[in-house]
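Please read all numbers here as calculations on a predicted model, not as lab measurements. Just so you know, ligand 1 is whichever comes first in the structure, and atom 1 is the first atom listed for that ligand.
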Amino acid sequence: MNDVITLEVIGQTALITVDNPPVNAASAAVRAGLVALFDQANDDDAVDVIALIGAGRTFTAGADIREFGKPPVEPTLPAVCNHIESSAKPVIAVVHGTTLGGGLEIALGCHARVGVSGVQLGFPEVNLGIIPGAGGTQRAPRLSGVVGAAEYISSGNRLSAEQAMDANLLNVLVEGTPRELALEYAEKVRSGDLPTQRTGERVTTPDAEGLESVRAAVTARSPRLLAPKRCVDAVSASDLPLTDGLARERALFDECAATDQHRGLVHAFFAERAVQKIPEANATPLPIEQIGVIGGGTMGTGIATAALLAGLPVTLIEMNSEAIERARAAITANLDGALKRGKLSQPRHDSIFAGALQFSTELDALAQTDLVIEAVFEDMTIKQDIFQKLDALCKPSALLASNTSYLDINQIAACTQRPSQVLGLHFFSPAHIMRLLEVVVGDNTSADVVATGFALAKRLRKVAVRAGVCDGFIGNRILGHYRKAADYLLLDGAHYSQIDAALESFGFAMGPFAVMDLAGLDIGWATRKRQAATKPQAERDVGVADRICENGWFGRKTQRGYYDYRVDQRAPHPEVDEIIDAERKAVGITPRAYTDSDIVDRYMTAMISEATRVVEDGIALRPVDVDTVFLFGYGFPRDRGGPLHYADTLGAKELVARIERWAQDDPHYWQVPQLLRKMAQDGSQFADLNTAQLPHGLRV
Ligand code: 3H9
């Protein structure tokens with residue numbers, strides 16, 4: 001028919017195969033092919049059963065997400081599913097791999113479904129801010145019942161093959177290849193051993209109360225998101241005649257597809273994949289079979305846990321036996337947690353303690369490791385000393401990495417004889433859970449070493465983002481800037497609990513002051529002391545955090561910080577309010593009232609300003625790299641797509657206007673980045689930079 005779909009007549013079976021790599025997405029060509037080939041099979045007198053399969057690793061993973069936002073091309077996916085269902089001849093689908101979204105909807109349009117062992121089924125549409133729009137919300141409840149279907153559709157959770165059997169989405173679950181099974185089960189249709197029925201001809205039993213409880217759970221889980229609620233609305237229409245239910249589904253789908261949430265989530269989907277497109281993508285990663293970690297603190301033990309969970313043996317170095325015991329206890333607790341959450345099997349858990357995890361107080365124990373990750377105190381002299389020693393004792397092929405959050409990788413590399421094998425691997429705490437890994441590339445880091453960093457991230461199931469060298473790399477450099485915006489808001493009149501609440505309503509999991517309390521206020525205190533000498537004169541001083549620390553209040557770990565944790569989960573702290581008043585008086589500030597939207601505007605504009613400079617300076621390859629760092633490392637609300645995707649929804653002109661307005665009060669802090677000014681002038685967007693030809697010949 002065309003390059004992506006074929007029909008073969010084998011005996012009396014018409015075998016239709018979708019072959020649209022990599023995931024058989026239901027593109028315009030696939031949809032047109034399906035309609036034409038189902039017509040052809042129905043017109044062929046030699047055919048009495050039609051079987052639909054996917055070539056390669058999956059049946060189909062759904063609609064082609066690249067077509068979203070473009071003018072629709074006929075036939076639409078709902079029309080295709082209806083067309084398949086209306087086939088006069090019985091149709092079976094043999095599903096394998098990840099049969100998702102529109103792929104599952106196509107399967108539900110067929111008259112019976114054969115599952116290949118290991119198949120996973122699901123409706124991930126909510127993760128893209130939409131609802132299933134090709135009959136999924138109407139046909140799935142006819143098989144699974146309204147409450148079961150509403151649950152798996154509104155959560156986006158994938159069902160295992162066994163769960164899909166229980167949910168009645170599959171007629172049988174068997175071993176084999178899709179092609180062989182298609183022919184075998186077509187025969188069973190003929191013999192009556194596999195009954196077929198149009199899903200749309202079934203009826204559902206209404207359950208208003210059950211759906212109400214799913215709706216309540218969905219609202220509690222994601223109060224701001226529209227799509228999960230609309231999934232429940234659509235499922236509740238499945239007791240209508242099919243055509244009416246489909247019309248309701250379409251209206252709700254269109255409502256969701258018109259939202260910024262949908263566009264943000266689609267951006268986030270592609271962002272995660274786009275960041276893998278780096279200049280070094282074609283270099284060959286070096287083999288990493290044995291990892292050394294230096295430092296058994298929170299970061300070191302988290303990194304060791306992440307490596308062990310990925311099946312990599314680890315040798316961890318600490319100063320003395322007490323520190324080793326503390327590190328062992330921390331890793332054990334992490335691994336026990338992973339075991340409980342089902343992330344680690346009991347045999348793998350046991351094998352780790354049977355030899356995959358070693359400890360030593362001697363750096364010499366790392367002589368044979370392929371990669372050493374240093375995670376000690378943030379002090380350049382200490383780090384340089386360690387790298388010099390490692391350079392002398394590690395095998396020549398070994399890579400040396402630092403987990404530093406902001407120090408200069410070039411300076412660290414310079415004290416070794418192998419600067420091309422030195423890189424930054426900046427993990428985020430807790431390192432065995434957070435998915436972000438900044439791969440920091442020094443001036444001399446070689447392409448295969450960068451590629452190794454990315455390959456390691458994949459193995460650890462992390463999202464790697466390439467970052468250049470500067471104080472704080474991508475994430476912490478931007479954080480350092482917008483955190484000040486939060487401090488200035490506090491000094492100028494907003495209460496920390498209002499700032500946190502406003503940003504939590506915007507979508508952050510936690511506001512900045514609650515985050516600081518969680519991370520420990522002493523960390524920022526130490527950094528401020530370190531940077532005091534180099535702090536620009538014109539920069540405003542906010543002494544509040546220092547005064548809080550001087551009281552020994554370091555946040556949650558001391559039960560007091562900005563908030564008081566002794567009385568409640570998170571209660572405002574009158575003594576802190578007094579500190580703030582005193583600091584305001586000391587610098588002659590009369591507090592002003594800020595609305596929640598003022599707070600969000602200032603905070604987000606500050607974040608976007610520094611993010612723009614990070615792109616401008618080439619620290620991030622593209623705006624999408626900044627977005628990914630914030631989505632995976634800083635709790636940025638996924639439906640807003642990341643700071644620079646969000647910036648595009650505001651427009652450069654508006655952002656420049658804001659900065660210029662605020663700069664009148666504080667010209668040192670608020671400065672318009674050149675790139676933003678240029679964008680405001682020529683009407684371009686950050687999205688254009690993502691797709692533009694980059695200097696190194698890359699396209700996103
Ligand atoms: C839908 O169906 C709506 C309907 O209800 C209604 C319509 C009216 N389209 O992830 P990977 C690309 S909404 C286009 O690295 P894996 C992906 O970008 C859809 N492209 O592989 C990547 O490209 P590149 C509901 C897609 O093995 C390449 O394929 N379906 C699509 O780790 C490999 O992907 C979903 O949301 C797509 N649908 O994971 C499923 N899917 O190499 C989304 C993938 O250029 N997909 N690509 O970067 C997934 O969850 C995973 O890709 C999957 C494979 C689990 C399938």
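For ligand 1, one of its N or O atoms has an N or O atom of I65 under 3.5 Å away. For A61, a nitrogen or oxygen atom sits less than 3.5 Å from a nitrogen or oxygen atom of ligand 1, counting backbone and side chain alike. For ligand 1, the polar-atom distance check finds an N/O of G102 within less than 3.5 Å of one of the ligand's N/O atoms. Between E125 and ligand 1, a contact under 3.5 Å exists for at least one N or O pair.
The closest approach between a heavy atom of F68 and any atom of ligand 1 is below 4.0 Å. Residue contact check for ligand 1: G136 places no non-hydrogen atom closer than 4.0 Å to it. Using 4.0 Å as the threshold, R31 has no heavy atom nearer than that to any atom of ligand 1. A heavy-atom separation below 4.0 Å is found between R57 and ligand 1.
Here the shortest heavy-atom distance to atom 15 (O) of ligand 1, taken over R158, K458, R66, R273, belongs to R273. The residue among E105, R250, E67 with a heavy atom at the shortest distance from atom 8 (C) of ligand 1 is R250.
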| task | Show your reasoning for whether side-chain hydrogen bond (donor to acceptor under 3.5 Å, both in side chains) applies to S87 and N42. | result | CA-CA 7 Å; S87 165; N42 266 295; 3.1 Å; yes
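Protein non-hydrogen atoms do reach within 4.0 Å of atom 38 (N) of ligand 1. The presence of a protein heavy atom under 4.0 Å from atom 42 (O) of ligand 1 is ruled out. Of the protein's heavy atoms, at least one falls inside 4.0 Å of atom 23 (O) of ligand 1.
By the 30° and 60° cut-offs, the orientation of the rings of H426 relative to F428 is tilted. Taking the six-membered ring where tryptophan is involved, the planes of Y152 and F123 are essentially parallel, since the angle between them stays under 30° and well short of 60°.
Not less than 6.0 angstrom separates the ring centroid of F68 from the ring centroid of F270.
No option in R139, E201, R198 other than R139 meets the side chain to side chain contact (heavy atoms under 4.5 Å, CB included) test with L242.
With a heavy-atom cut-off of 4.0 Å, L128 touches ligand 1 through its side chain alone. If you look at F123 next to ligand 1, there are no close heavy atoms at all, none under 4.0 Å. Residue P124 touches ligand 1 through its side chain alone, judged by heavy-atom distances below 4.0 Å.
No cation-pi contact links R230 to F253, judged by a cut-off of 6.0 Å to the six-membered ring centre and 45° from its axis.
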